[in-house]
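All remarks here apply to the structure that follows.
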Amino acid sequence: MTAQAQAATATQASTQPAAGKVKVATIWLDGCSGCHMSFLDMDERLVELAEKIEIVFSPFVDAKTLPSQVDVGIIEGSISNEEDEHKARLFRDRCKLLVSLGDCAVNGNVPAMRNPFKLETVYERAYLENVNVNQQIPTDGVPALLKTVRPVHGVVDVDVFIPGCPPSADTIHTILSDLIEGRTPEPIKVTRFGA
Amino acid sequence: MPINAPPPSVRVVTLRIDGLDLSAREDETIIEVCRENKIPIPSLCWMDGLSVVGACRLCMVEVTGQNRLLAACATRVAEGMEVTTDSEKLRRYRRTLVELLFAERNHVCSVCVSNGHCELQWLAEACGVDHVRMPYRNAGYGVDSSHEMFRVDHNRCVLCTRCVRVCDEIEGAHTWDLMGRGSDCQVITDLARPWGESDTCTSCGKCVQVCPTGALVKQGTSVGEMVKDQHFLPILARRRSAR
Ligand code: SF4
Ligand code: SF4
């Protein structure tokens with residue numbers, strides 16, 4: 001099945017939730033949170049959206065655990081460490097439709113600019129060379145960095161890709177509305193890499 | 001006499017492109033006829049005013065009776081030719097070609113001086129590239145900022161050779177060339193010496209203006225500030241061939 005067909009089928013599934021509202025979860029992996037800020041930039045349209053969707057897990061809300069069944073999962077940020085990878089897999093397992101939001105999630109973007117360098121060099125640069133006080137490479141309580149930063153679809157299947165750094169509020173609104181109404185979104189008509 | 005009237009020795013042929021009946025001079029290529037008639041075909045290495053290399057393969061078209069695809073920039077029109085510029089198969093190939101360009105080097109659009117004014121970005125939009133399906137190569141390439149006015153960032157080069165051709169054919173300096181093969185291939189100045197030490201470069205800036213991406217840019221530009229102006233090229237090229 002093509003990604004679009006998948007998206008269409010998954011969308012249909014997502015538009016018939018038992019409880020009426022579309023359950024949406026969002027997560028912030030290796031990104032700058034700009035995509036989440038852009039989401040908030042929908043301003044008063046958020047009020048109208050709130051009547052159609054319920055945010056069940058997100059940096060925007062208090063919920064601490066991802067419910068076992070979500071209609072639309074939105075991922076900001078690339079997969080840069082073990083925890084990112086684990087969270088992306090969890091989202092894939094529990095979300096009927098998975099959306100990569102923003103260039104970091106879609107193509108690695110700025111986080112992936114470390115890829116041409118060796119991991120040790122990256123650690124040294126960040127935690128030793130550019131630090132004056134308390135130079136040390138953190139190992140306790142932080143997830144290990146992966147050798148290469150990957151886009152989300154480098155780890156799990158993704159249904160909808162929304163490039164942009166960050167995608168504008170209008171772009172997010174258009175595509176989210178398409179998904180809620182059961183239309184197949186066409187992100188490339190409203191955004192692009194680096195937009 | 002209108003400027004474009006064919007010289008008496010050149011015949012006019014009739015052909016069909018995407019179901020449209022058109023006439024063209026027999027010495028024209030398919031892409032030239034398409035551009036004149038506003039039939040969109042994506043292209044990257046081709047440029048009005050430069051010689052043809054047929055390197056990027058984005059302008060591939062279907063020609064009835066041919067069992068392979070032909071590059072529209074490198075194929076002359078012929079009497080009775082039937083051309084298809086847009087089909088499911090062509091769209092699939094073009095999309096894949098653009099994705100491969102993104103996967104090969106490090107085009108990080110969000111921090112590029114050419115962001116918003118880049119032909120590779122436009123091609124991605126036109127070909128429906130909202131993500132790249134193949135793994136990125138993640139190989140690092142060099143940046144040469146030794147020239148006092150310009151900079152070359154090989155991470156963003158798509159090896160279209162427009163710079164090589166404009167410098168040789170229009171400016172007459174031949175500063176640029178290609179070195180290496182496959183993924184090691186890169187553009188070089190003066191036998192791979194730093195651009196700033198070049199004896200041949202006249203600092204005219206033509207290569208910077210024709211470069212489709214953020215590979216050749218002016219020093220001192222920040223994200224999205226490098227806007228290129230290519231209007232000079234067809235004018236200079238026509239003056240040159242009229243001499
Ligand atoms: S600035 Fe002019 S002379 Fe120098 S490399 Fe570019 S096209 Fe050639
Ligand atoms: S530097 Fe620019 S013009 Fe020259 S080959 Fe690379 S992309 Fe083409």
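We name chains A, B, ... by the order of the sequence lines, and we start the count at 1 in each one.
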Among B/Ser110, B/Gly116, B/Ala103, B/Gly140, residue most engaged with chain A (heavy-atom pairs, under 4.5 Å):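 Going by pairs under 4.5 Å, I would pick B/Ser110.
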Partner chain B: residue of A/Thr148, A/Ile188, A/Val110, A/Ile162 with the largest heavy-atom pair count (under 4.5 Å):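 Of the options given, most contacts go to A/Ile188.
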Proximal component of B/Val129, with respect to chain A [non-hydrogen, under 4.5 Å]: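 Both backbone and side chain of B/Val129 come within 4.5 Å of chain A.
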B/Asn106, part contacting chain A, at a heavy-atom distance under 4.5 Å: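 For B/Asn106, side-chain heavy atoms alone lie under 4.5 Å from chain A.
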Pair B/Tyr141-B/His154, ring-ring contact (aromatic ring centres under 6.0 Å, His included): steps then yes or no: CA-CA 6 Å; B/Tyr141 291 81; B/His154 295 281; 7.6 Å; no
Proximity of A/Phe193 and B/His107 rings by center, below 6.0 Å: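 No.
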Closest approach of B/Cys157 to B/Leu159 (non-hydrogen atoms, all atoms of both residues):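 Looking at all heavy atoms of both residues, the shortest contact is SG-N, 3.3 Å.
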Ion pair A/Asp30/A/Arg150, N-O distance below 4.0 Å: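 No, A/Asp30 and A/Arg150 are not salt-bridged.
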